[in-house]
Structure formats: C-alpha cells, structure tokens
Amino acid sequence: MQWNVYSDGRCEVKQNTSQRDKKGKSIIAFPDEFVMVDIETTGCDARYNEIIEISAIRIKDDQVIDRFSMLIRPWNDIDPFITNLTGITNQMVQDAPRVGEVIKHFLRFIRPEDIILGYNVNFDINFLYDNALSEADYYLNNDFVDVLRIARKLIKNTENDKLKTIAAFYGISYEGAHRGEQDCIICLECYRQLRSELDKQSMSEADFIDSFNKRSSNGYFTNQIRVKDIVSDKTAFDENHPLFSKVCVFTGALEKMSRKDAMQMVVDLGSICGDQVTRKTNYLVLGNLDYVKSIEEGKSSKMKKAEGYILAGQDIEIISENVFYELISGG
DNA sequence: TCTCCTCGAGATCT
DNA sequence: CTCGAGGAGA
C-alpha cells in the first residue's frame with residue numbers, strides 16, 4: 001500500500017494505479033513489423049522499483065531496421081544484487097539521463113500502432129506504462145505479444161520456460177544476457193525458432209492463434225476440448241484394432257499427455273470420442289481427479305454415470321490411463 | 001451442445 | 001497472471 005503525504009499532515013491512499021486501464025491487450029500474432037523490447041530495473045515490482053535501461057529493436061520482414069538503447073540514472077542506488085545480475089553499476093549510470101528524458105526518447109522511437117514483443121513482456125509493459133504516464137503524461141496502449149506464452153504452448157519437454165532455457169533448447173547463445181539489447185536479440189532468435197516450430201509441428205499460424213483465442217463473447221475462458229474439434233485426416237483405418245469404432249470418454253487429467261492429444265490418437269484409430277457418458281460409451285478413461293475439489297468420494301459425474309450403466313448391464317469399461325495406452329498400442 | 005462459472009496448479013520478469 | 005480441467009443449467 002502506498003500513501004500520498006501532504007505538507008499539512010494529511011495522508012491518503014495513493015490512487016490505485018494497478019488498474020492500468022488504457023493498457024494494450026496481450027495478443028498472439030506474428031506481425032511482419034514489430035518492436036522487440038526489454039528493460040532492466042532495480043527490482044521486480046513496478047510500484048517500488050525503477051527502470052535503469054530501456055532497449056528496443058524494430059524488425060520489419062525479418063530485418064532489424066532500427067535500434068534504441070539507453071541507460072537511466074535512478075533516484076536510488078542500484079542494489080548489488082542487480083549489479084551482479086545485469087552488470088550495470090552505479091558508476092555506469094552516473095552521467096545517464098533520468099527516466100523522464102529517456103522515456104520521452106523511447107516514446108518517439110515507438111509508434112502508437114506498433115506491436116511490442118518481449119519475453120514475459122507484461123513485466124516491461126507495466127514499468128513503461130507507469131513511467132510514460134507519470135513522466136510524459138502519455139498512455140502507452142500498444143498491444144503486445146508475449147513470446148513466453150508462445151514458448152509455453154509449443155515447447156513441452158524443457159524443465160521450465162525461462163528465456164535462458166528456451167535459448168539453450170535452440171542452441172542460442174546466452175552470452176551477455178540481462179542487458180537490454182542482448183536480451184532483445186536472444187528473444188528475437190527464440191521467436192524466430194518458435195515460429196518455425198509451427199512448420200515442424202505442421203500447424204498453421206492461424207490454427208495456433210485460434211487455440212489461444214477460444215473465448216466466448218463475454219470474455220470467459222471456454223477452453224474445453226470438444227469432440228467436434230477433434231477430427232482425423234486419415235481415411236482408412238485398421239478395422240481389427242481393439243478400439244476401432246468404439247466410443248471413448250475421458251474424465252480427469254491424464255498424466256502422460258494432454259486430453260486433446262489422447263483424443264487425437266483415438267480418432268486417428270477410427271474410434272469415436274464422446275463428451276459425456278451415454279449408453280453408447282464403451283470405455284471411460286480415468287485420469288487424475290485428485291485436484292478437483294468439487295468431486296465427492298473421488299468420483300466425477302462421468303464415473304458415477306458409467307457405474308450406473310454398468311450395474312444396468314451396459315457394455316462399458318472403466319479403464320486406467322495405462323490400460324488405455326495398452327489398448328491404443330493394439331494390445 | 002452451448003453459455004456461464006469455479007477451481008487448482010504452476011510460473012516469469014529484475 | 002495464464003491455462004487446463006469439470007460442472008450446472010438451459
């Protein structure tokens with residue numbers, strides 16, 4: 001909580017700036033022209049910490065066409081932890097301009113219609129938004145693309161999704177990282193690799209973008225995987241496969257793959273996925289339900305329904321994830 | 001089958 | 001914060 005303290009002793013809670021209601025949207029896009037941005041700061045909290053470096057590079061049609069990089073002299077000393085992390089010392093910034101001057105230069109570099117890219121770029125946007133408003137009376141409202149979100153969706157087998165890890169995954173040098181300009185270049189290289197990853201996974205950019213934008217008109221997430229969204233491009237199937245023409249329904253979270261991937265395997269075998277358990281259901285595949293608090297006795301509604309049908313003599317089997325994989329592989 | 005809603009897990013930037 | 005689940009009700 002921050003306070004405004006007046007000379008007559010009055011004080012009041014500082015205006016809630018955390019709304020940032022003119023801020024641009026986080027979008028998923030692959031624009032032909034954009035500005036890659038990275039800042040260095042004295043800490044992680046935009047309310048209490050200061051920007052000490054702003055860097056940006058403008059890319060058009062995969063070419064760097066303009067650059068911006070300036071150090072800033074903060075009002076407070078730079079903590080040794082930050083100097084150790086970034087290599088930026090108090091001495092390096094002693095003749096640098098204040099944030100007000102630098103942000104005004106930056107606002108001349110960036111154009112209102114530019115799309116900003118960066119890694120976890122919401123962090124940078126928040127600092128820039130607050131300083132643009134307080135120092136230049138300007139609302140920074142550019143939409144932005146977070147390369148982290150793209151990486152999270154596309155890269156599954158790394159231990160985490162830090163920029164360092166994604167760079168290593170693609171063999172991109174991390175030399176000179178934690179300085180603005182170099183981080184822009186590293187992020188740009190990762191972005192290029194991630195974009196080409198779509199081809200490797202034979203996915204169109206439009207489909208990839210769609211997978212993020214499954215929001216209903218009121219803005220709520222409706223990210224449910226629906227049976228009708230899972231189609232097979234295969235035309236011939238092995239009719240002797242144990243799952244052929246069987247109806248499979250999933251409940252709970254699978255441990256070894258996403259439900260969507262599992263459903264894709266099912267339809268690629270010529271089987272049918274169901275959204276809910278019915279008399280036509282043949283297999284109910286049991287994922288992990290532990291984390292679902294609303295579930296009583298560890299059983300989802302699909303399980304209870306299936307058990308009811310089994311008691312009534314229907315041909316339904318409730319199977320574990322592992323048994324499901326055995327069935328998939330034809331065993 | 002669609003809309004609206006709730007919940008838990010797991011992060012990233014300096 | 002974002003994302004991936006499940007559920008009630010129409």
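Please read all numbers here as calculations on a predicted model, not as lab measurements.
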Cation-pi geometry met for A/Arg58 and A/Phe109 (6.0 Å, 45°) = yes

For A/Ile82, which contact category applies under a 4.0 Å heavy-atom criterion: base, sugar-phosphate, or nothing?
-> base

Any pair with a residue in residues 91-104 of chain A that passes salt bridge (Lys or Arg N to Asp or Glu O under 4.0 Å), sequence neighbours left out, goes on the list, sorted by first then second residue, please.
-> none

Assign A/Thr86 to base, sugar-phosphate, or nothing according to its heavy-atom contacts below 4.0 angstrom with the strands shown.
-> sugar-phosphate

Looking at C/dT2, B/dT12, B/dC13, which one has an atom nearest to any side-chain atom of A/Arg152?
-> B/dT12

Check: A/Asn49/A/Thr41 side-chain N/O donor and acceptor closer than 3.5 Å | no

For A/Lys25 and C/dC1, give me the distance from atom NZ to atom P, rounded to whole Å.
-> 17 Å

Quick one, which residues of residues 171-198 of chain A touch DNA chain B with a heavy atom under 4.0 Å?
-> A/His178, A/Asp183

Taken in chain and number order and not counting sequence neighbours, the residues that satisfy side-chain contact (heavy atoms from CB on, under 4.5 Å) with A/Phe81 are A/Asp79

Please name all residues satisfying side-chain contact (heavy atoms from CB on, under 4.5 Å) with A/Lys23, sequence neighbours left out, ordered by chain then number.
-> A/Arg20, A/Asn122, A/Ile125, A/Asn126, A/Tyr129, A/Phe144

Interatomic distance where NZ belongs to A/Lys153 and C1' belongs to B/dG10 [whole Å] | 15 Å

Set of residues satisfying side-chain contact (heavy atoms from CB on, under 4.5 Å) with respect to A/Asn84, sequence neighbours excluded | none

Separation of B/dT14 C1' from A/Asp38 CG (nearest whole Å) | 10 Å

Considering only C/dC3, B/dT14, B/dT12, which nucleotide approaches the side chain of A/Arg149 most closely?
-> C/dC3

For A/Phe123, what residues pass the ring-ring contact (aromatic ring centres under 6.0 Å, His included) criterion, not counting sequence neighbours?
-> A/Phe127

Gap between atoms NZ and C1', on A/Lys164 and B/dT14 respectively (whole Å) = 15 Å

The correct set of residues in residues 116-127 of chain A placing a heavy atom under 4.0 Å from DNA chain B is A/Tyr119, A/Asn120, A/Phe123

DNA chain B in dot-bracket form (Watson-Crick or G-U pairs under 3.5 Å, [ ] crossing, | inter-strand) is ||||||||||....

Would you mind reading off the distance between A/Glu40 atom CD and B/dC13 atom P, rounded to a whole angstrom?
-> 11 Å

Side chain to side chain donor-acceptor pair (under 3.5 Å) with A/Asn90: which residues, sequence neighbours excluded?
-> none

To the nearest angstrom, the CG-P distance between A/Leu154 and C/dC3 comes to 13 Å

Does A/Tyr138 have any side-chain contact (heavy atoms from CB on, under 4.5 Å) partners at least two apart in sequence or in another chain, and if so, which?
-> A/Leu107, A/Pro112, A/Ala132, A/Ala136, A/Leu140

For A/Phe106, enumerate each residue passing the ring-ring contact (aromatic ring centres under 6.0 Å, His included) test, keeping only those at least two apart in sequence or located in another chain.
-> A/Phe68

A/Cys44 side chain, from C-beta outward: closest of B/dT12, C/dG4, B/dT14 | B/dT14

Give every residue pair that meets the salt bridge (Lys or Arg N to Asp or Glu O under 4.0 Å) criterion with at least one member in residues 175-190 of chain A, sequence neighbours excluded.
-> A/Glu53-A/Arg179, A/Arg67-A/Glu181, A/Glu189-A/Arg192

Parallel under 30°, tilted from 30 to 60°, perpendicular over 60°: which one fits the rings of A/Phe34 and A/Tyr191?
-> perpendicular

Tell me what A/Ile52 touches on the nucleic acid: a base, only sugar-phosphate, or nothing, going by heavy atoms under 4.0 Å.
-> nothing

A/Phe144 CZ to C/dT2 C1', straight-line distance once rounded to whole Å = 12 Å

Quick one: A/Ile78 CD1 to B/dT14 P, roughly how many Å, whole number?
-> 15 Å

